[in-house]
Number of protein chains: 2
Amino acid sequence: MASTASTRQPPPTATPELSSSSGRSATEARSLKVHSEAERRRRERINGHLATLRRMMPDASQMDKATLLSSVVSQVRHLKRKAAETATQPLTPVPPEANEITVRCYTAGSDDRTTCIRATVSCDDRPGLFTGLAGAFRGLGLRTLRAELASLGGRAHHVFVLCNEDGDVGAGPRALERTVWQALAQVAFPETAFGGTSWSKRQRILDAGCSLMYSLRAEI
Amino acid sequence: MASTASTRQPPPTATPELSSSSGRSATEARSLKVHSEAERRRRERINGHLATLRRMMPDASQMDKATLLSSVVSQVRHLKRKAAETATQPLTPVPPEANEITVRCYTAGSDDRTTCIRATVSCDDRPGLFTGLAGAFRGLGLRTLRAELASLGGRAHHVFVLCNEDGDVGAGPRALERTVWQALAQVAFPETAFGGTSWSKRQRILDAGCSLMYSLRAEI
DNA sequence: GCATACACGTGAGGC
DNA sequence: TGCCTCACGTGTATG
């Protein structure tokens, strides 16, 4: 099934016996000719666009028409969703209502030497918050590779990607995560006395006093 | 041209005179029948996908097939470009090689009371740079609304959206831009003694000494 | 009448 | 061989 499709040669256009011999009047025959020619032009237009689509789709050179169109349908669906997602996500999303700090430590690159940290902070915004968070990383000897911040309606959401400057994880990734988390918590929620509240496992602590939820995720 | 296309009724499937009367053997006739039926199924598959595409495209209900396909081509092109743009833009792009600080002051919202500033900084990365820039805004009484930072290969690119905390532009937007620009320059390029170099107009200064280009843009 | 667009059945060629 | 896909010319409907 599915012959080469795009490289197929049409048979030499067997000219429909135009004149004489058949039970056709001359005008009938000519009108039939212009008709078939118009129809061929129509086919060429359609197949031209089909060929263009084939070139635009991945691995579509051997697909038959129906399969090609079906893949176009999926591709359009996929692209539409992707465009819609990224259109609302170019910057960090609208700051969520829940207060939350997440810290995840991972190794990037082919060698497992480069340790990266992804940290997010959602909290009430206030003057100096951003500076404070940035300073916290500096104090920990972490370099900021990427950062995104959105502030809206008194709420702020931050995303940071950091790396350990000396490439040394020290006491291990879990301990590093805990340290970062505590440093961020001190800046983001200074009013809350934060001890070493149960980092050992993923947990959610509902602080009834200020109606805040602090959650700590060891994985994502 | 272009009849309703999607609501067209096929003529009642004029069954090709199957048996008898024609100069066909019975097996020939039957094979011809299964052939034409297979061909119809094939057409139905293709047209089914075309109908799906028609539903997905805007205002395509009256298009003929060729026009529909041509609009699908444009749509896919458009979506691909959009997806590619936003895919590489969710974070700030790869840090450019040229050193540059841009500051633009504008009024956001329906009322012209809210003054915003968009500032970008491209420079060599170093520990504490991010903290320094964030601190510069803090020192100027500016609140950071949005921020993006990318650091790659020793280069860093920052985008900030700020607002004046007290909503007061003070000596006017141009003066504010100048102030912000100078503060950022002091952090980003401390080795360069930066005077009040010609803010008055958009300009580019090529500093031959360190092969850096500082450009200042009053508009974007 | 003319132009256009569609569905159809058929022949040809590829696995 | 049979099954599949394609291009073709035709009949027919619409404007």
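Residue numbers begin at 1 in each chain, while the letters A, B, ... track the order of the sequences.
Listed by chain and number, the residues in a side-chain contact (heavy atoms from CB on, under 4.5 Å) with A/Arg77 are A/Val73, B/Thr52, B/Met56 (sequence neighbours excluded). Listed by chain and residue number, nothing satisfies the side chain to side chain donor-acceptor pair (under 3.5 Å) test with B/Thr131 (two or more places apart in sequence, or in another chain). Qualifying side chain to side chain donor-acceptor pair (under 3.5 Å) partners for B/Glu44, counting only residues two or more places apart in sequence or in other chains: none. Residues satisfying the side chain to side chain donor-acceptor pair (under 3.5 Å) test with A/Arg45, not counting sequence neighbours, are none. With sequence neighbours excluded, the residues satisfying side-chain contact (heavy atoms from CB on, under 4.5 Å) with A/Ser70 are B/His49.
Side chain of A/Ser36, nearest nucleotide from D/dC6, C/dA7, D/dT10: D/dT10.
Each of A/Ala38 and B/Glu37 was matched to the nucleotide of DNA chain C holding its nearest heavy atom; the match closer to the 5' end belongs to A/Ala38. Each of B/Ala66 and A/Val34 has a nearest nucleotide on DNA chain C; the 5'-most of these lies closest to A/Val34.
Counting atom types as modelled, B/His35 pairs no side-chain N or O with a base atom of C/dG9 as donor and acceptor under 3.5 Å. The base of D/dC4 lies outside donor-acceptor range of the side chain of B/Glu39, with no N or O pair under 3.5 Å.
Phosphate contact (OP1/OP2 of D/dT5, side-chain N/O of B/Arg43, threshold under 4.0 Å): absent. Between D/dC6 and A/Asn47, no contact under 4.0 Å exists linking OP1 or OP2 to a side-chain N or O. When the side-chain nitrogen and oxygen atoms of A/Arg42 are compared with OP1 and OP2 of C/dC6, one or more of them lie within a distance under 4.0 Å.
Atom-to-atom, CD of A/Glu44 to P of D/dG9 comes out at 11 Å; the value is rounded to the nearest Å. The distance between atom CD1 of A/Ile46 and atom P of C/dT4, rounded to the nearest whole Å, is 14 Å. Rounded to whole Å, the distance from CZ on B/Arg40 to C1' on D/dC4 is 16 Å. Remark: C1' of D/dC4 and NZ of A/Lys65 are 14 Å apart, rounded to the nearest angstrom. Summarising the geometry, the separation between NE2 on A/His49 and P on C/dA5 is reported as 11 Å, rounded to the nearest angstrom. To the nearest angstrom, C1' of D/dG2 lies 14 Å from CG of B/Leu32. The CG-P distance, from A/Leu50 to D/dT5, rounds to 14 Å in whole Å. Between the CZ atom of A/Arg54 and the P atom of D/dT5 there is a distance of 13 Å, given to the nearest Å.
The residue A/Arg41 sits apart from the nucleic acid: no heavy atom pair falls under 4.0 Å.
Here the closest heavy-atom approach between residue A/Phe137 and residue A/Leu162 is recorded as CE2-CD1, 3.2 Å.
Two end axes, each from the C1' atoms of five base pairs, can be drawn for the helix from C/dC2-D/dG15 to C/dC15-D/dG2; they diverge by 0°, to 10 degrees.
Taking a cutoff of 4.0 Å between a charged side-chain nitrogen and a carboxylate oxygen, A/Arg42 and B/Asp64 do not qualify as a salt bridge.
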